[in-house]
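Structure, as structure tokens:
For the numbers below, each heavy atom of this structure counts, side chains included, while hydrogens, waters and symmetry mates do not. Both ligands and their constituent atoms are indexed starting at 1 by order of listing. Computed from a prediction, not measured in an experiment: that's the story for all the values here.
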Amino acid sequence: MPGAASGAHARTCPLCEAMCGIEVFVEGGRVTKIRGNEHDVWSKGYICPKGTALHHLHDDPDRLRRPLIRNDDGSFREASWGEAFEEVERRLAPLLETPDALAVYAGNPVAHNFSLSRYIGAFIQLTGITAIYSGGTVDQWPRNVVSALMYGRAWSIPIPDVDRTDFLLMLGANPFDSQGSLLAAPYLMKRLRGIQARGGRFVVVDPRRTGTAKRADEWIPIQPGTDAALLLAMVNVLFADDLVDLGTLVGKVRGLDAVRELSAGFTPEAVTGTCRIPAERVRQLTRELAGSRSGVVYGRIGTCTQEFGTLSSWLIDVLNILTGNFDEVGGAMFSNPIAWSMLSLRPPEFEEGFELGRFHSRVRGAPEVLGQFPVSCLAEEIAAPGQGQIKGLITIAGNPVLSAPGGDRLDEALAQLDSMISVDNWLNETTRHAHVILPGQSPFEQAHYDEMIWSWAVRSAGKYSPALFPVPDGTVPEWEVLLRLAAMVQGQTAADVDVEEIDDFYFIGLVSMITEQEGSRIHGRDVEEIVAEHPEPGPERILDFAIRTGPWGDAYGADPDGLTLGRMKQRPNGIDMGPLTPRVDDIVQTPSGKIELAPDYIVADVPRLKARLASAHPPLVLVSRRQLRSNNSWMHNVASLMSGRPRCTLLIHPEDAAAAGVEDGKLGHIRSDAGELEVPVEVSNEMMPGVVCLPHGFGHDKQGARLSVASRHAGVCNNVLAPGALVDVPSGNAVVNGIPVIVAPATRA
Ligand SMILES: Nc1nc2c(c(=O)[nH]1)N[C@H]1C(S)=C(S)[C@@H](COP(=O)(O)OP(=O)(O)OC[C@H]3O[C@@H](n4cnc5c(=O)[nH]c(N)nc54)[C@H](O)[C@@H]3O)O[C@H]1N2
Ligand SMILES: Nc1nc2c(c(=O)[nH]1)N[C@H]1C(S)=C(S)[C@@H](COP(=O)(O)OP(=O)(O)OC[C@H]3O[C@@H](n4cnc5c(=O)[nH]c(N)nc54)[C@H](O)[C@@H]3O)O[C@H]1N2
Ligand code: SF4
Ligand SMILES: [Mo]
């Protein structure tokens with residue numbers, strides 16, 4: 001197989017939201033070294049250990065290069081693509097009569113992968129499948145609910161303008177390990193140091209003194225799950241001290257009085273016992289935020305995947321708005337990418353505004369939220385017999401056996417499916433249940449230009465990298481896999497599917513939609529004329545279209561000097577159009593035309609928070625952590641990233657360790673209402689007393705997976721301890737932080 005030319009190639013790392021530019025050195029058709037690309041306009045040479053190990057993903061002998069079909073005895077055999085699609089056809093056939101019986105699970109790499117990110121929408125639309133599950137409901141669903149109801153757009157998410165702020169209050173995020181989330185900003189730790197260097201401060205609110213907290217001006221430990229109480233008390237102080245200042249948003253906001261009333265009972269004194277933060281500290285913090293020339297509040301996983309995820313996410317925006325720090329330089333701002341994301345299009349079903357809870361799940365009666373049920377429902381929807389039972393599942397780049405709460409129950413349920421098809425690069429804890437596995441490409445076998453992530457980038461930029469290596473002969477690229485599957489769900493036979501025809505249909509639909517959109521740069525233009533410029537099917541034309549109709553695009557001739565994909569390709573180190581500018585007037589699409597500060601749906605959850613103030617917290621609760629050298633559940637198969645001490649340990653404060661009778665380095669036993677585990681204990685004063693911590697994404701000891709390195713570093717799956725029924729009520733998002741647990745010495749040696 002011919003490889004890329006020997007020498008250095010500029011690319012973008014596709015693993016996380018930092019989107020670092022890398023230089024990949026190739027010799028004799030193999031990658032010999034990867035380092036940060038100092039010429040990359042976006043990341044300027046920054047890289048993390050995962051980026052330097054990308055070639056190990058490409059070279060991993062366990063990575064699937066050809067489809068696998070499951071034999072009757074449970075083993076797998078390699079198959080040609082033709083055979084694999086025939087098997088898909090056979091497996092889907094019994095489901096065609098009962099479309100409700102088929103579900104989809106989409107996982108995290110869908111957001112990063114060049115093809116999947118551009119075709120997941122097409123796949124869902126074309127299949128018409130309504131049972132959609134994703135990693136999103138163990139992640140940022142509260143954030144989507146808040147943006148949908150406050151701004152009328154589920155995916156317009158304000159980000160902290162970290163490069164220009166004077167004060168950052170960060171809750172439940174640890175960019176030291178995660179590299180930033182819903183905030184694309186490479187080398188974020190350096191940017192945080194920049195705040196300090198210009199005389200500003202950043203404060204971290206987290207139950208653990210993380211790598212980020214250690215570098216902050218101040219660490220404020222908080223009882224997990226209580227951020228909403230802290231934030232509402234800060235709102236209370238703003239009103240009490242007459243510090244509310246909407247700045248340029250005067251006249252653009254509705255619901256200010258309602259917020260004032262809601263905050264009335266939440267004085268710092270009323271929340272201090274719940275949050276375990278002194279009342280005076282809450283007051284000072286509020287005054288510091290309000291008094292900074294520019295300031296911003298930012299929250300992430302720790303404020304989403306917890307009991308009050310929606311209220312916390314909402315109050316973060318409310319605080320930014322009430323302090324005049326919204327849509328302002330150095331405050332919370334909306335990004336403006338060179339290539340817009342399809343996520344920015346409002347689905348037609350929500351044209352009149354967002355309505356949530358339109359239907360309910362069969363077993364638990366959980367309301368749908370933005371088209372999804374909590375992923376923790378999936379196990380019961382498969383396991384419980386009756387009309388509407390899920391009998392078929394398509395997973396796309398997801399590993400819910402490890403990533404979903406109650407993963408062990410899902411593991412059992414998946415084994416009962418009549419048909420399971422996985423689009424995935426490894427035979428892992430989830431895909432080992434599949435009847436057919438259709439592999440995608442390695443990070444070097446496909447082009448790259450992030451679809452979604454630039455929508456929350458700290459600057460307006462973009463960059464494209466072509467594929468470095470060709471795929472094995474006959475390989476069906478991932479976008480085509482999705483279109484083929486979609487057509488087959490619609491009843492076409494494997495032999496009949498005409499991918500180009502489907503892709504044209506989809507692309508023409510997209511172009512028509514944008515030409516019809518008021519204010520679009522090609523409003524009223526001739527659809528055929530535009531489509532004719534894009535004869536080649538696939539993701540590249542979607543990207544080109546997004547660039548050309550984007551804010552700096554050539555708008556198909558309207559601005560002859562404007563950007564096109566062709567022009568981006570001439571700039572492999574990327575193009576940077578500068579820092580963010582205010583754009584709230586472009587963003588807000590609520591029925592009232594104003595920012596809804598107090599949406600009824602969200603406000604209705606405040607009494608639940610009020611009730612929480614009256615209840616004592618459990619003696620010990622569990623939170624999750626991320627680690628720099630892994631990525632959710634799927635990078636533990638890279639040997640160079642797994643060296644050193646075992647990382648799947650239970651962090652526990654010395655006082656709690658003593659009370660539980662557990663010792664550093666010994667096995668401990670941890671139990672919740674949902675399950676129990678034995679795991680090595682790491683006594684650490686990083687934890688606040690009363691909170692213990694496990695990493696997520698481990699538990700690679702399942703029979704039948706093909707992960708030779710990961711299985712030697714199996715660890716335990718913390719989601720065994722997460723009760724699936726525990727969700728943030730308004731969003732249905734899983735609660736994986738703040739789970740009551742009991743720790744004791746292990747019975748095993
Ligand atoms: N307890 C606890 N649980 C959590 C979290 C937590 O903090 N604590 N975090 C949650 C969060 S934020 C997330 S995003 C989810 C992640 O949940 P998932 O998305 O379900 O899990 P991942 O580990 O990201 O699994 C990615 C899958 O994609 C496959 N894959 C990787 N690259 C590609 C590719 O290019 N193409 C294809 N087709 N497949 C590929 C991998 O083999 C793997 O099977 O986990 C959630 N679960
Ligand atoms: N290296 C690496 N990078 C990653 C990932 C990875 O697995 N590994 N995953 C990627 C993904 S999918 C995502 S979504 C992002 C997530 O990015 P981040 O949100 O930055 O992720 P975490 O490092 O999990 O940080 C969450 C923090 O919340 C704290 N926390 C837990 N409960 C609470 C609470 O109730 N209140 C408060 N205030 N804090 C709490 C935890 O102690 C933890 O420090 O990271 C991405 N980047
Ligand atoms: S921080 Fe690491 S994993 Fe994320 S894009 Fe950069 S090199 Fe890749
Ligand atoms: Mo995530």
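Ring geometry, W141 versus W155: the interplanar angle exceeds 60°, so the pair is classed perpendicular (tilted spans 30 to 60°). In this pair, H636 and H700 present their aromatic rings perpendicular. The plane angle is above 60°, beyond the 30 to 60° band. Ring pair F114/H448 is tilted by interplanar angle, where 30° to 60° counts as tilted.
The closest protein non-hydrogen atom to atom 29 (C) of ligand 2 is D206 OD2, 3.1 Å. In this structure, atom 34 (C) of ligand 2 lies nearest to the protein heavy atom G302 O, 3.2 Å. Among protein heavy atoms, the minimum distance from atom 36 (N) of ligand 2 is reached at D227 OD1, 2.7 Å. The nearest heavy-atom contact from the protein to atom 10 (C) of ligand 2 is R626 NE, 3.6 Å.
The G225 neighbourhood of ligand 2 comprises atoms 34 (C), 35 (O), with distances under 4.0 Å to a heavy atom of that residue. The distance from ligand 2 to the heavy atoms of T210 drops below 4.0 Å at these ligand atoms: 44 (O). Numbered from 1 in the order shown, with element, the atoms of ligand 2 that lie under 4.0 Å from a heavy atom of N174 read 18 (P), 20 (O), 23 (O), 25 (O), 44 (O).
Within 6.0 Å of CG in D217 there are more than 12 heavy atoms belonging to other residues, nucleotides or ligands.
A salt bridge between D317 and R143 is present, with a side-chain N of the basic residue lying under 4.0 Å from a carboxylate O of the acidic one.
Residue contacts with ligand 2 for I222 involve side-chain atoms from C-beta outward but no N, CA, C or O (heavy atoms, distance under 4.0 Å). With a 4.0 Å heavy-atom cut-off, ligand 2 is reached by the backbone of N632 and by its side chain too.
For atom 8 (Fe) of ligand 3, protein N/O/S neighbours under 2.8 Å (waters excluded) are C13 SG.
A donor-acceptor contact closer than 3.5 angstrom is absent between the side chains of N719 and H696.
Evaluation of the ring-ring contact (aromatic ring centres under 6.0 Å, His included) test over residues 714-737, restricted to residues two or more places apart or in two chains, returns none.
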Side chain to side chain donor-acceptor pair (under 3.5 Å) between N399 and T430, worked out: CA-CA 5 Å; N399 193 5; T430 296; 2.5 Å; yes
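With a 4.5 Å cut-off on side-chain heavy atoms, N718 and P695 do not count as touching.
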